Amino acid sequence: MTTVTEDGGLTGLRDALGLLKDREQVAVRLLESSAKHSFDPDRELDWDAPVEDGKWFWPPELVSLYDTPMWKRMSEEQRFDLARHEAASLASLGIWFEIILMQLLVRHIYDKSVTSAHVRYALTEIADECRHSMMFARMIEKGGAPTYPVTRLNHNLARVLKTVSTTPGSFACTLLGEEILDWMQRLTFPDERVQTLVRGVTRIHVVEEARHVRYAREELRRQMVTAPRWERELTRISSGEAARVFSIAFVNPRVYTDVGLDRREALAQVKASGHRREVMQSGAKRLTDFLDDIGVLRGPGRRLWKSSGLLA
């Protein structure tokens, strides 16, 4: 249960995970880490190197159709091609999320002290996300696959979200967009079967996203302690709806037709795939455990998370 405690005459905020850290101290540590471990993808990665024959653009076990009857019927060339297109689809989704995130962060800091470390770190993170979005776009171009925008409906729903989202809702959605992709990328960058460029892209993203996740987690904990009850309830529902949309948008169905597969059959097999369900739930587990601990996964919101397939 969330409580507010008095420690040594100072007001300390506490939730189920313990005493919350001072917001400015967290930001200072993140700024120090940013100074030591930030990357310029244009300089760090060899964009002129040729695409490597016989290497994947995404680990095969993370491809949506992996281990389905359709996958078993596909040629090796078609499997490689599907992985390349799904990598482009995920990068397109990542750019969409990061553009939303940048706007949410700007809204978050708009009324806060511009000289605070908390605001300075938010601006640093926005700069990181700008570089990430450009990096993902270059990776899509290098792979030769098209971009895969989300549906017009989801695009416009996000327009509403980034305009009206409350602060805890913003950080809950931020973590949804960051942590599942981060889990997959942690499996990708050490994988020598994968294209060197893709491994480099995912390594940069994993290192820098670790700070972003820490910032969002600390702020969401604070918000779930201090926000009024109506805002906490809204966060539970909005994050559940975001999880439902995210799970649908995770791989654009157009990738199947683009590699010569029957879209309807592919979608049905992905939906029925125990392997795919395990991958998505494993990717989300660290996040859902955290959200459960701090009181986000309750009531109708929890049911939405379950319907998304991300929560077992």
Side-chain angles (χ1 to χ4, degrees), residues 1-4 13-17 20 93-94 96-111 122 149-183 212-252 271 277 280-312:
M1 180 176 179
T2 299
T3 59
V4 178
L13 297 176
R14 182 182 295 274
D15 64 6
L17 298 178
L20 272 69
L93 183 72
W96 179 61
F97 261 111
E98 288 178 342
I99 290 173
I100 295 168
L101 169 58
M102 286 186 270
Q103 294 178 73
L104 293 175
L105 281 171
V106 168
R107 287 185 56 218
H108 172 62
I109 64 176
Y110 187 71
D111 294 316
V150 297
T151 64
R152 183 176 295 275
L153 173 62
N154 288 338
H155 184 80
N156 287 322
L157 283 173
R159 193 189 305 280
V160 174
L161 168 73
K162 60 191 177 59
T163 303
V164 305
S165 177
T166 63
T167 300
S170 296
F171 282 104
C173 290
T174 294
L175 289 169
L176 171 65
E178 289 179 336
E179 294 213 29
I180 299 173
L181 285 171
D182 179 74
W183 179 84
H212 304 177
V213 168
R214 170 75 186 281
Y215 184 77
R217 281 182 170 231
E218 292 290 339
E219 193 58 30
L220 180 56
R221 288 179 64 194
R222 184 176 301 277
Q223 294 294 327
M224 289 301 290
V225 171
T226 60
R229 180 175 178 177
W230 69 266
E231 201 167 2
R232 297 196 301 272
E233 293 294 341
L234 181 60
T235 298
R236 292 176 180 121
I237 294 172
S238 64
S239 70
E241 176 62 14
R244 189 191 65 79
V245 170
F246 180 84
S247 65
I248 294 171
F250 199 77
V251 174
N252 190 311
K271 185 175 182 180
R277 185 164 51 253
M280 297 302 291
Q281 290 180 358
S282 296
K285 190 175 190 314
R286 184 169 176 267
L287 171 61
T288 53
D289 284 351
F290 168 73
L291 295 178
D292 204 11
D293 285 342
I294 66 170
V296 174
L297 299 187
R298 295 180 184 172
R302 187 180 188 89
R303 291 192 288 276
L304 284 168
W305 273 91
K306 278 187 170 292
S307 72
S308 75
L310 298 176
L311 179 66

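Treat the numbers as computed from the prediction; the structure is a model and nothing was measured. All residue numbers in this chain count up from 1 along the given sequence.
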Close side-chain approach of [X] to [Y], heavy-atom, < 4.5 Å:
X    : Y    : result
L153 : L157 : yes
D182 : V213 : no
L17  : F290 : yes
L291 : L220 : yes
M224 : D15  : no
E178 : L101 : yes
R221 : V225 : no

Compare every heavy atom of [Y] with every heavy atom of [X], then report the nearest pair and how far apart it is.
X    : Y    : result
L310 : T288 : O-CG2, 4.2 Å
Y215 : A122 : OH-CB, 3.4 Å
S239 : W305 : OG-NE1, 3.3 Å
H108 : T167 : ND1-CG2, 3.6 Å
A227 : R232 : O-NH1, 2.6 Å
E231 : P168 : OE2-CD, 3.4 Å

[atom2] on [Y] to [atom1] on [X], rounded to 0.5 Å:
X    : Y    : atom1 : atom2 : value
R236 : L304 : CZ    : CG    : 13.5 Å
L105 : E219 : CG    : CD    : 10.0 Å
E241 : I237 : CD    : CD1   : 10.0 Å
L176 : L181 : CG    : CG    : 9.0 Å
R159 : N156 : CZ    : CG    : 5.0 Å
S170 : Q103 : OG    : CD    : 11.0 Å

Under 3.5 Å, side chain of [X] to main-chain N/O of [Y], donor-acceptor pair present?
X    : Y    : result
S308 : S247 : no
R277 : A312 : no
R107 : K162 : yes

Margin query: Show every salt bridge (Lys or Arg N to Asp or Glu O under 4.0 Å) that has at least one partner inside residues 283-294, sequence neighbours left out.
Written below: E179-R286, K285-D289, D292-R302
Checklist line | Residues E218, R214: salt bridge by 4.0 Å N-O rule | finding: yes
Notebook entry, point to check: If you look only at pairs with a residue in residues 221-245, which of them pass as a ring-ring contact (aromatic ring centres under 6.0 Å, His included), with sequence neighbours excluded?
Noted result: none
Checklist line | Contacts of L93 that satisfy side chain to side chain contact (heavy atoms under 4.5 Å, CB included) - sequence neighbours left out | finding: W96, F97, V150, F246, A249, F250
